[in-house]
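Following: one structure in structure tokens, then a few remarks.
Numbered from 1 within each chain, the chains take letters A, B, ... in sequence-line order.
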Amino acid sequence: MAYWLFKSEPFKFSWDMLKATGEAGQEWDGVRNYAARNNMRAMKIGDKGFFYHSNEGLAVVGIAEVCALAHHDSTAEVPTWECVDIRAICDVPRPVTLDVVKNTPSLAEMALVKFSRLSVQPVTEAEYLEVCKMGGLEKPPLSP
DNA sequence: GCCAACGTTGGC
DNA sequence: GCCAACGTTGGC
């Protein structure tokens, strides 16, 4: 049981764009960072993750799930880079902003705050549940 | 294997 | 648009 956070600049690939891909989801390609790749390698089918808008928005706006295990990143010319596929599960009714995360003691240790440049991050179950609660999700979708 | 230089990310 | 943080590269 694991939870994650996927960061994206909305003007490059937004939450709405992920939703538009529907059930099939989207290859989370373009990641060229070993820590982020290793996080994706550790993901299992059905793992849930936050979709976070960086640069503009600065908030957790949705919940996605892993729908394909790590495989070769089709945009990479070398076999080094792998990625998972994710698909949208539901909106976060009240997006949880970075500012709020920073000012919530129970969330102050989140990777989002401590390792702000990591594009694919682990999230603890406690953090996941707390962010869902603050975001107005009555029944957060859980990882298997 | 160290470390300086450099490039990129991302918040402000 | 600036700048701090940090990952990567490359010379030694």
Nearest to the side chain of A/Arg117 - C/dG7, B/dT8, B/dG11? B/dT8
Against the side chain of A/Leu98, the closest entry in B/dC12, B/dG10, C/dG7 is B/dC12
Rounded interatomic separation in angstrom, taking [atom1] from [X] and [atom2] from [N]:
X: A/Met110; N: B/dG11; atom1: CE; atom2: C1'; value: 16 Å
X: A/Phe11; N: B/dG11; atom1: CZ; atom2: P; value: 10 Å
X: A/Lys114; N: B/dG10; atom1: NZ; atom2: P; value: 19 Å
X: A/Leu118; N: B/dG10; atom1: CG; atom2: C1'; value: 13 Å
X: A/Lys102; N: B/dG11; atom1: NZ; atom2: C1'; value: 6 Å
X: A/Asn33; N: B/dG7; atom1: CG; atom2: P; value: 18 Å
X: A/Asn38; N: C/dG7; atom1: CG; atom2: P; value: 13 Å
X: A/Asn55; N: B/dT8; atom1: CG; atom2: C1'; value: 11 Å

When all nucleic acid strands are considered with a 4.0 Å heavy-atom cut-off, which category describes A/Tyr34: base, sugar-phosphate, or nothing? sugar-phosphate
Taking only side-chain nitrogens and oxygens of A/Tyr52, does any of them come within less than 4.0 Å of OP1 or OP2 of B/dG11? yes
OP1, OP2 of B/dG11 versus side-chain N and O of A/Lys7: anything below 4.0 Å? no
Pair A/Glu130-A/Thr104, side-chain donor/acceptor within less than 3.5 Å: no
Please check if the side chain of A/Ser143 supplies one atom and the backbone of A/Lys48 the other of a donor-acceptor pair under 3.5 Å. yes
Would you please classify the geometry between the A/Tyr128 ring and the A/Phe50 ring as parallel, tilted or perpendicular, with 30° and 60° separating the classes? parallel
Parallel, tilted or perpendicular: rings of A/Trp81 and A/Tyr34 (30°, 60°): tilted
